[in-house]
Amino acid sequence: SDVCSSDLGYEVFSHFLGATGKPFISQVSPAFYFEAKVELTDVSGTDQFHMGFRRAELCRPDFEDYTDAASLGLTASDANVNIMTILNNAATTETDTGSDMVDATAMTLKVLVSAAGVVTYEIDGATPSTVATFTFDAGDPLIPFVRVVNDTGTAGACIIHKWDAGYQ
(Lines give C-alpha, C1' and ligand atoms only; values in the text may rest on other atoms or scores of the structure.)
Protein backbone atom coordinates (compact mmCIF):
# COMPACT_ATOMS: atom_id res chain seq x y z
CA SER A 1 0.00 0.00 0.00
CA ASP A 2 1.15 3.56 -0.65
CA VAL A 3 -0.11 4.80 2.70
CA CYS A 4 1.12 3.42 6.01
CA SER A 5 1.59 4.98 9.39
CA SER A 6 4.82 5.55 11.29
CA ASP A 7 7.11 2.58 11.85
CA LEU A 8 5.01 0.22 9.73
CA GLY A 9 6.59 -1.57 6.83
CA TYR A 10 7.32 -4.92 5.28
CA GLU A 11 10.07 -7.29 4.29
CA VAL A 12 10.24 -9.43 1.18
CA PHE A 13 12.71 -12.32 0.98
CA SER A 14 13.41 -15.52 -0.92
CA HIS A 15 15.46 -18.72 -0.59
CA PHE A 16 13.84 -19.61 2.74
CA LEU A 17 11.08 -21.68 4.35
CA GLY A 18 10.94 -24.21 1.51
CA ALA A 19 8.73 -22.18 -0.80
CA THR A 20 11.42 -20.33 -2.74
CA GLY A 21 14.57 -22.44 -2.62
CA LYS A 22 17.38 -23.01 -0.19
CA PRO A 23 19.57 -20.38 1.51
CA PHE A 24 23.05 -19.66 0.20
CA ILE A 25 25.70 -20.95 2.63
CA SER A 26 28.65 -18.65 3.30
CA GLN A 27 32.03 -20.23 2.50
CA VAL A 28 30.28 -23.40 1.26
CA SER A 29 28.21 -22.18 -1.73
CA PRO A 30 30.00 -20.83 -4.80
CA ALA A 31 30.10 -17.01 -5.02
CA PHE A 32 26.59 -15.51 -5.12
CA TYR A 33 24.85 -12.15 -5.45
CA PHE A 34 21.59 -10.25 -5.05
CA GLU A 35 20.73 -7.36 -7.35
CA ALA A 36 17.61 -5.23 -7.07
CA LYS A 37 16.55 -2.20 -9.07
CA VAL A 38 14.44 -0.20 -6.62
CA GLU A 39 12.62 3.10 -6.47
CA LEU A 40 11.27 4.95 -3.43
CA THR A 41 8.66 7.58 -4.22
CA ASP A 42 9.51 9.58 -1.05
CA VAL A 43 12.99 8.93 0.33
CA SER A 44 12.52 11.32 3.29
CA GLY A 45 9.44 9.36 4.41
CA THR A 46 11.51 6.20 4.79
CA ASP A 47 12.81 5.28 8.24
CA GLN A 48 14.58 2.15 6.99
CA PHE A 49 15.29 0.68 3.60
CA HIS A 50 17.60 -2.32 3.29
CA MET A 51 18.46 -4.72 0.50
CA GLY A 52 21.07 -7.42 0.68
CA PHE A 53 21.65 -10.66 2.55
CA ARG A 54 20.70 -11.63 6.06
CA ARG A 55 20.78 -14.83 8.06
CA ALA A 56 17.93 -17.22 7.24
CA GLU A 57 15.82 -16.62 10.35
CA LEU A 58 12.32 -15.36 11.03
CA CYS A 59 11.68 -11.65 10.38
CA ARG A 60 12.71 -9.34 13.20
CA PRO A 61 10.86 -6.14 14.17
CA ASP A 62 14.11 -4.16 13.90
CA PHE A 63 16.85 -4.71 11.29
CA GLU A 64 19.46 -4.41 14.04
CA ASP A 65 18.04 -7.53 15.73
CA TYR A 66 19.26 -9.86 12.97
CA THR A 67 22.15 -12.14 13.84
CA ASP A 68 24.07 -11.57 10.58
CA ALA A 69 23.42 -9.17 7.68
CA ALA A 70 25.08 -7.15 4.94
CA SER A 71 22.92 -4.58 3.15
CA LEU A 72 22.79 -1.39 1.17
CA GLY A 73 20.12 1.04 2.24
CA LEU A 74 18.85 4.08 4.09
CA THR A 75 18.36 4.95 7.75
CA ALA A 76 17.24 8.00 9.71
CA SER A 77 15.10 9.47 6.92
CA ASP A 78 18.02 10.79 4.89
CA ALA A 79 19.03 10.01 1.32
CA ASN A 80 22.49 8.58 2.09
CA VAL A 81 22.96 5.06 0.76
CA ASN A 82 24.76 3.20 3.52
CA ILE A 83 26.46 -0.16 3.88
CA MET A 84 25.06 -1.79 7.02
CA THR A 85 26.56 -4.95 8.48
CA ILE A 86 25.90 -7.16 11.48
CA LEU A 87 28.12 -10.10 12.48
CA ASN A 88 27.22 -12.60 15.20
CA ASN A 89 24.55 -10.40 16.78
CA ALA A 90 27.00 -7.55 17.42
CA ALA A 91 26.14 -3.88 16.93
CA THR A 92 25.28 -2.73 13.41
CA THR A 93 28.12 -1.02 11.56
CA GLU A 94 27.05 1.72 9.15
CA THR A 95 29.20 3.27 6.40
CA ASP A 96 28.04 6.08 4.08
CA THR A 97 28.90 5.05 0.50
CA GLY A 98 28.88 8.63 -0.83
CA SER A 99 25.82 7.90 -3.01
CA ASP A 100 22.32 9.25 -2.41
CA MET A 101 18.86 8.00 -3.36
CA VAL A 102 16.56 10.46 -5.14
CA ASP A 103 12.76 10.50 -4.91
CA ALA A 104 11.02 8.52 -7.63
CA THR A 105 14.31 7.55 -9.32
CA ALA A 106 15.24 3.91 -9.81
CA MET A 107 18.63 2.80 -8.49
CA THR A 108 20.28 -0.59 -9.02
CA LEU A 109 21.86 -1.98 -5.84
CA LYS A 110 23.94 -5.16 -5.77
CA VAL A 111 25.47 -7.14 -2.90
CA LEU A 112 28.00 -9.83 -3.83
CA VAL A 113 29.38 -12.57 -1.57
CA SER A 114 32.53 -14.40 -2.66
CA ALA A 115 33.11 -18.13 -2.14
CA ALA A 116 35.22 -17.06 0.89
CA GLY A 117 32.29 -15.07 2.39
CA VAL A 118 33.75 -11.63 1.53
CA VAL A 119 31.06 -9.06 0.73
CA THR A 120 31.36 -6.35 -1.93
CA TYR A 121 28.83 -3.83 -3.22
CA GLU A 122 27.78 -2.04 -6.42
CA ILE A 123 25.52 0.96 -6.94
CA ASP A 124 24.29 1.46 -10.50
CA GLY A 125 27.01 -0.90 -11.75
CA ALA A 126 29.97 0.73 -9.99
CA THR A 127 31.82 0.20 -6.73
CA PRO A 128 30.80 2.90 -4.21
CA SER A 129 33.35 5.64 -3.50
CA THR A 130 33.45 4.52 0.16
CA VAL A 131 33.26 0.83 1.09
CA ALA A 132 33.43 -1.29 4.22
CA THR A 133 35.14 -4.65 4.59
CA PHE A 134 32.94 -7.47 5.83
CA THR A 135 33.07 -11.28 5.77
CA PHE A 136 30.28 -13.68 6.72
CA ASP A 137 31.32 -16.63 8.90
CA ALA A 138 31.62 -20.10 7.37
CA GLY A 139 28.30 -21.92 7.39
CA ASP A 140 26.03 -18.86 7.76
CA PRO A 141 22.76 -19.58 5.87
CA LEU A 142 21.96 -16.36 3.93
CA ILE A 143 18.88 -15.13 2.08
CA PRO A 144 18.28 -12.09 -0.15
CA PHE A 145 15.81 -9.53 1.24
CA VAL A 146 14.30 -6.06 0.80
CA ARG A 147 12.96 -4.25 3.88
CA VAL A 148 11.02 -0.94 3.96
CA VAL A 149 9.80 0.87 7.11
CA ASN A 150 7.98 4.24 7.17
CA ASP A 151 9.21 7.20 9.18
CA THR A 152 6.71 9.56 10.86
CA GLY A 153 5.69 10.56 7.34
CA THR A 154 4.73 8.18 4.59
CA ALA A 155 7.39 6.57 2.44
CA GLY A 156 4.95 6.00 -0.38
CA ALA A 157 5.63 3.21 -2.81
CA CYS A 158 8.74 1.10 -2.92
CA ILE A 159 8.85 -0.27 -6.44
CA ILE A 160 11.07 -3.28 -7.06
CA HIS A 161 11.69 -3.12 -10.81
CA LYS A 162 14.11 -6.06 -10.74
CA TRP A 163 14.98 -8.85 -8.30
CA ASP A 164 17.81 -11.17 -9.29
CA ALA A 165 19.65 -13.53 -6.96
CA GLY A 166 21.95 -16.38 -7.91
CA TYR A 167 25.49 -17.60 -8.38
CA GLN A 168 28.10 -15.27 -9.85
Under the side-chain contact (heavy atoms from CB on, under 4.5 Å) test against T108, which residue among I123, D164, D124 passes? D124
Check whether the ring centres of Y167 and F24 lie less than 6.0 Å apart, and answer yes or no. yes
Taking the cut-offs as 6.0 angstrom to the six-membered ring centre and 45 degrees off its axis, would you call R54 and F13 a cation-pi pair? yes
Testing H50, Q48, E64, E94 for side chain to side chain donor-acceptor pair (under 3.5 Å) with T75, which one passes? E94
Can you name the closest pair of heavy atoms from P144 and A165 and give their distance? CG-CB, 3.9 Å
Can you tell me how far apart CD1 (I25) and CZ (F136) are? Round to the nearest 0.5 Å. 11.5 Å
Taking every non-hydrogen atom, the tightest pair across A70 and V119: CB-CG1, 4.0 Å
Could you state the interatomic distance from CG (L74) to CG (L40), rounded to the nearest 0.5 Å? 6.0 Å
For M84, does its backbone N or O pair with a side-chain atom of N82 as donor and acceptor, under 3.5 Å? no
Using the rule given for side-chain contact (heavy atoms from CB on, under 4.5 Å), can you reason through D103 versus T105, listing the C-alpha separation, both sets of side-chain angles and the distance that settles it, and then say yes or no? CA-CA 6 Å; D103 289 349; T105 303; over 6 Å; no
Pair V111-L72, side-chain contact (heavy atoms from CB on, under 4.5 Å): steps then yes or no: CA-CA 8 Å; V111 178; L72 287 168; 4.3 Å; yes
So does V113 get a backbone contact from the side chain of Q168, meaning a donor-acceptor N/O pair under 3.5 Å? yes
Linked, directly or transitively: L142 and L87 (ILVMFWY side chains, under 4.5 Å): yes
Nearest heavy-atom approach of G117 to S26 is CA-OG, 3.6 Å
Shortest non-hydrogen contact from T67 toward I86: O-CG2, 3.4 Å
Between P141 and R55, is any pair of side-chain heavy atoms under 4.5 Å apart? yes
Atom OG of S71 and atom CZ of F145: how far apart are they, to the nearest 0.5 Å? 5.0 Å
Minimum-distance pair of heavy atoms, taken over all atoms of I143 and A56: CG2-CB, 3.8 Å
Cluster question for you: counting only ILVMFWY and a side-chain heavy-atom cut-off of under 4.5 Å, with indirect links fine, are L109 and V12 together? yes
Between Y33 and K110, is there a cation-pi geometry (under 6.0 Å to ring centre, at most 45° from the normal)? yes
To the closest 0.5 Å, what do you measure between CZ (F63) and CG (D47)? 13.0 Å
Could you give the distance from OG (S129) to CG (D96), rounded to the nearest 0.5 Å? 8.0 Å
Under 4.5 Å between side-chain heavy atoms, hopping through other hydrophobics if needed: is there a path connecting W163 to F49? yes
Same cluster or not: are V28 and F53 linked, directly or through other Ile, Leu, Val, Met, Phe, Trp or Tyr residues, by side-chain heavy atoms under 4.5 angstrom apart? no
Do the non-hydrogen side-chain atoms of T92 and T85 ever get within less than 4.5 Å of each other? no
Backbone N/O of V81 and side chain of T97: donor-acceptor pair under 3.5 Å: yes
Main-chain N/O of D100 paired with N80 side-chain donor or acceptor, under 3.5 Å: no
Any salt bridge between R60 and D65, counting N to O under 4.0 Å? no
After noting the C-alpha distance and the side-chain angles of H161 and V38, does the key distance pass the side-chain contact (heavy atoms from CB on, under 4.5 Å) rule? CA-CA 6 Å; H161 295 277; V38 296; over 6 Å; no
Counting distance only, does the side-chain N/O of Q27 pair as donor-acceptor with the main-chain N or O of A116 below 3.5 Å? yes
Nearest heavy atoms of P61 and R147, plus distance in Å: O-NH2, 2.7 Å
From D68 CG over to D140 CG, what is the distance, rounded to the nearest 0.5 angstrom? 4.5 Å
Does the pair L112 and E35 meet the rule for a side-chain contact (heavy atoms from CB on, under 4.5 Å), with working shown? CA-CA 8 Å; L112 303 100; E35 180 177 58; over 6 Å; no
Can you confirm if the aromatic rings of F32 and F34 lie within a centre distance of less than 6.0 Å? no
Would you say D42's side chain and S44's backbone share a donor-acceptor pair under 3.5 angstrom? yes
